[in-house]
Student: 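The structure that follows is given in the form of structure tokens.
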Amino acid sequence: MKNIILSTLALLIWSSAIAQIDSSAYKRAEQFIASNLRKKLYRSWVNPQWDKENDLLWYTVKTRKGLEYIKVDLESLEINPLFDQIKLANQFKETLQDTIHPYKLPISSVKIVDKGNVIHFKYKKQKYSFNLSNSALKELVEEGKVDDSSSESPDKSTVLSVRNYNIWLKTTVNDSVQITKKGTQKYGYGVRPSWYSVRNIESKIDHTLEIDINWSPDNRYAIVGKYDRRHARNLYLYKSHPEKGNRAEVYSYERPLAGDSVVPTVEYILVDTKTNSFSHIDLPPAATFLCYDFKWNKEGDRAYQIRYHRGYKSMELMEVNTENASHKTIYSESSDTYVDPLNDAYKLLEDGSFLFLSEQDGWNHIYRYDIKSGKLIQQITSGEYVIRSIEHADLKSKTIYFTAGGKEPGCDPYLPLFYKVDFNGKNLELLTPEQAHHTISINHESGVFVDNFSTIQEANIAVLRDLKDGSVLKTLEQADYAEIEALGWEAPEPFKAKGRDGETDIYGVIYKPANFNPTKSYPIIEGTYSGPQTIRSPKTFSRGLLNDDTPLTQLDFVLINIDGMGTAFRSKAFHDVSYKNLGDIGAADKITVIKTLANNNPWMDTTRIGIFGHSAGGYDAARALLTHPDFYKVGVATAGNHDHRAAKAWWPELYMGYPVEKHYDEQSNYTHAKELQGFLMLVHGEMDQNVNPTASQRLASELIKANKNFELLIIPNKDHSTVYYDKYLTRKRWDFFVKHLHECQPPREFKIK
């Protein structure tokens, strides 16, 4: 009898420790989905539109009324409505017989004209003017409108058009003249397939095409791409639920994969609009994903292009001479790992020099070179910090304005702050002292800039600042999130801990469960994305609030983001940990950090750990279960690129190297399928043109061969982006974690609104 009583008591204690997640918990979580929270976040951001003619800036901001149009006089600093929105709505009704809410105006392409007395805008693809003095609304006739297959010279005197994959030239005084004559669909001038374009294989229409015509500032020349698609290979998508009929449809898209020996290439011609002729630029053909847009000098007689070699171990800055269509190499750089193309910010200066961002000393810094010789003039910044962007270079004052992270002691190195420095590297000055994430927009003519800054715990403030010293001239907006606080939301908490080596600082964010009780024990879910081009942990208020982590806190989970070694915005050595090693996924750092946090916070249960991610994060989630089964127990992998040989060429060749060698096989999730021990759900949209759905299906095939239990969800008609926001997927992810981490049944078929 005693044993029965003790067993019953133990069962009761165990049962009481298990969270009971019912539909009321799901309804709370539903309130915290990003699309729902966004409706309750007001005045959260200023995207300034600089009107230099009228010396003002204007912007739109979501308020409790709706969307408001605001203007700021840069001289008086007065803030007023850009126009009377109620009067405009009334004019829509009177003139166009359309009833429109004044603070939900469906207008676009707003422009201020006539010294600020009139605004132009588009409504239903038609252009209108609205007179601010007499409220007159008039339809405007657009003359000489340029379509998507044409490109207009800077002075609008000349148009180059693509017709049947050839270039035609038309001026304001002459009829069209055909410039090229041998272009074909597979080897044509001036257009390239859109990255997102898919086409029904039964259609005779080509892919959606993007224009590639680059004008010189003097209006005489244009560089035009000639795209060789003759050997382009396709990937395919199966649309099981078409809009009409019962026959499924097959779609194709052109996409080179990592290691492909033959890929689409681009070469260039130089069109001379003065002579109605063209010349072949002697740049060698290059893979389309290795070439970047041209930049021109102010005279218009030289154009510059950055191009990389397969594997990204070297790059060159090329100069094209319009006199004879020849080229020469101005600058080159190489690395034992890779020269990061995402750091390729360079600025041509009118004094005959250029600025370049490089990691050649182990940190991303600003260098200045002579444009004629390519010789280094000076390294402008140095030290153990990272330049994030060059915002502006002022030749008159010889000042460079830039953002950087990690320079200020004690400040989170991922927070970009705004600085200025002289061309000679002296007089470096911090212009935004707040330890926050700063996003900058400069109006150098007026000597001011707009600064949006926030942290994950401090809401965004948008201010107008003086470019000389960073002093605040005017507070423009401050985020209003009172309605979100009223729901019981609590901000996530940033943390810092030592990584795998016991020395390197690793940063992350932790979200405590709703109604947190430190005497309880909570399972942990990690949101992951270890793609080396970015980080996962939020650094701004909106990113910390509007995400997939926040809703899960309402279901009694601890959520955690950790940016381990191999990810972006730190030193070159930190970044290179992931080189030819994407399978590392920073797991050694993450496991170390989670164990450290759990030792200090006994309410974190390291025996119940889940992980989820999308795209590269989907790869991470599956790999965590496959290669660290003793730690990660439950995973949801969405749109995962589970084998880098099946991914778009540029991304894996950048981080995994070229040519494809044995390490690609070692770091494929396919080859580790037999090691699955935990609970894994694979999800993919069937129309995903970024990561083809065969990536998840082939991993499923390997799991089946290994006789492993798992779940596979293919969502009809969803692509890479839309599947991420799919409400059914969100609910299924909640269900999976509730079932396997809380060990209780989720509410059946809860429908997220």
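Keep in mind that what you see is a predicted model, and the values were worked out from it rather than measured.
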Student: Does Gln85 use its side chain to pair, donor to acceptor, with the backbone of Pro102 at less than 3.5 Å?
Tutor: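 Yes, Gln85 side chain to Pro102 backbone: donor-acceptor pair under 3.5 Å.
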Student: Quick one: does any side-chain atom of Lys181 pair with a main-chain N or O of Asn166 as donor and acceptor, under 3.5 Å?
Tutor: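 Side chain of Lys181 to backbone of Asn166: no pair is present.
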Student: Can you check whether Leu209's main-chain N or O pairs, donor with acceptor, with His207's side chain at less than 3.5 Å?
Tutor: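 Answer holds: no.
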Student: Quick check, are the ring centers of Phe121 and Phe130 under 6.0 angstrom apart?
Tutor: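 No: the rings miss the under 6.0 Å criterion.
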Student: Would Lys295 count as a cation-pi partner of Tyr346, with NZ or CZ less than 6.0 Å from the six-membered ring centre and within 45° of the ring normal?
Tutor: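 Yes, Lys295 sits over the ring of Tyr346.
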Student: Please confirm whether Trp489 and Phe541 have ring centers closer than 6.0 angstrom.
Tutor: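 Aromatic pair counts; centres sit under 6.0 Å.
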Student: Is any NZ, NE, NH1 or NH2 atom of the basic residue among Asp688 and Lys718 found under 4.0 Å from an Asp or Glu carboxylate oxygen of the other?
Tutor: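 Lys718 and Asp688: not salt-bridged.
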Student: Does some side-chain heavy atom of Glu391 sit less than 4.5 Å from a side-chain heavy atom of Phe402?
Tutor: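 With C-beta onward as the side chain, the pair stays apart.
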Student: If you measure from the Lys or Arg side-chain nitrogens to the Asp or Glu carboxylate oxygens, is any gap between Asp51 and Lys71 under 4.0 Å?
Tutor: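 No, this pair does not count.
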Student: Mind checking whether Leu349 and Leu355 have side chains closer than 4.5 Å, heavy atoms only?
Tutor: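 The answer is yes, as the side chains (C-beta and beyond) meet within the 4.5 Å cut-off.
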Student: Between Glu483 and Arg64, is there a salt bridge with N-O shorter than 4.0 Å?
Tutor: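 Salt bridge present between Arg64 and Glu483.
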Student: Within the distance-only criterion (no hydrogens, no angle test), does the side chain of Arg255 pair as donor or acceptor with the backbone N or O of Trp195 below 3.5 angstrom?
Tutor: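 Checking the backbone N and O of Trp195 against the side chain of Arg255, a donor-acceptor pair under 3.5 Å is found.
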Student: Check the pair Ser176 / Arg163 against side-chain hydrogen bond (donor to acceptor under 3.5 Å, both in side chains), numbers first and verdict last.
Tutor: CA-CA 11 Å; Ser176 294; Arg163 301 183 201 167; 2.9 Å; yes
Student: Hey, does the side chain of Asp114 reach the backbone of Asn117 with a donor-acceptor pair shorter than 3.5 angstrom?
Tutor: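 Side chain of Asp114 to backbone of Asn117, a donor-acceptor pair under 3.5 Å: no, none is there.
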Student: What I'd like to find out is whether the side chain of His720 reaches to under 4.5 Å of the side chain of His614, using heavy atoms alone.
Tutor: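 Contact flag for His720/His614 side chains = yes.
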Student: Can the ring centres of His438 and Phe418 be said to be less than 6.0 Å apart?
Tutor: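 No, the ring centres sit 6.0 Å or more apart.
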Student: Considering only heavy atoms from C-beta outward, does the side chain of Trp50 approach that of Ser441 to under 4.5 Å?
Tutor: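 They are in contact (side-chain heavy atoms under 4.5 Å apart), so the answer is yes.
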Student: Using a 4.5 Å cut-off on heavy atoms from C-beta on, say whether the side chain of Trp45 contacts that of Thr540.
Tutor: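 Result no, sub-4.5 Å side-chain heavy-atom pair not found.
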Student: Between Lys170 and Ser150, does a side-chain contact (heavy atoms from CB on, under 4.5 Å) hold up when you go through it step by step?
Tutor: CA-CA 10 Å; Lys170 185 181 188 306; Ser150 301; over 6 Å; no
Student: Ring centres of Tyr304 and Phe354 under 6.0 Å apart?
Tutor: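 Ring centres of Phe354 and Tyr304 not closer than 6.0 Å.
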Student: Any side-chain heavy atom of Ile213 within less than 4.5 Å of one from Trp215?
Tutor: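 A side-chain contact under 4.5 Å exists here.
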Student: Does one side chain, of Thr158 or Asn219, offer a donor that lies under 3.5 Å from an acceptor on the other?
Tutor: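 The criterion, which ignores hydrogens and geometry beyond distance, is not satisfied for Asn219 and Thr158.
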Student: Looking at Tyr481, I'd like to know if the NZ or CZ of Lys40 sits under 6.0 Å from its six-membered ring centre while staying within 45 degrees of the ring's axis.
Tutor: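 No cation-pi geometry.
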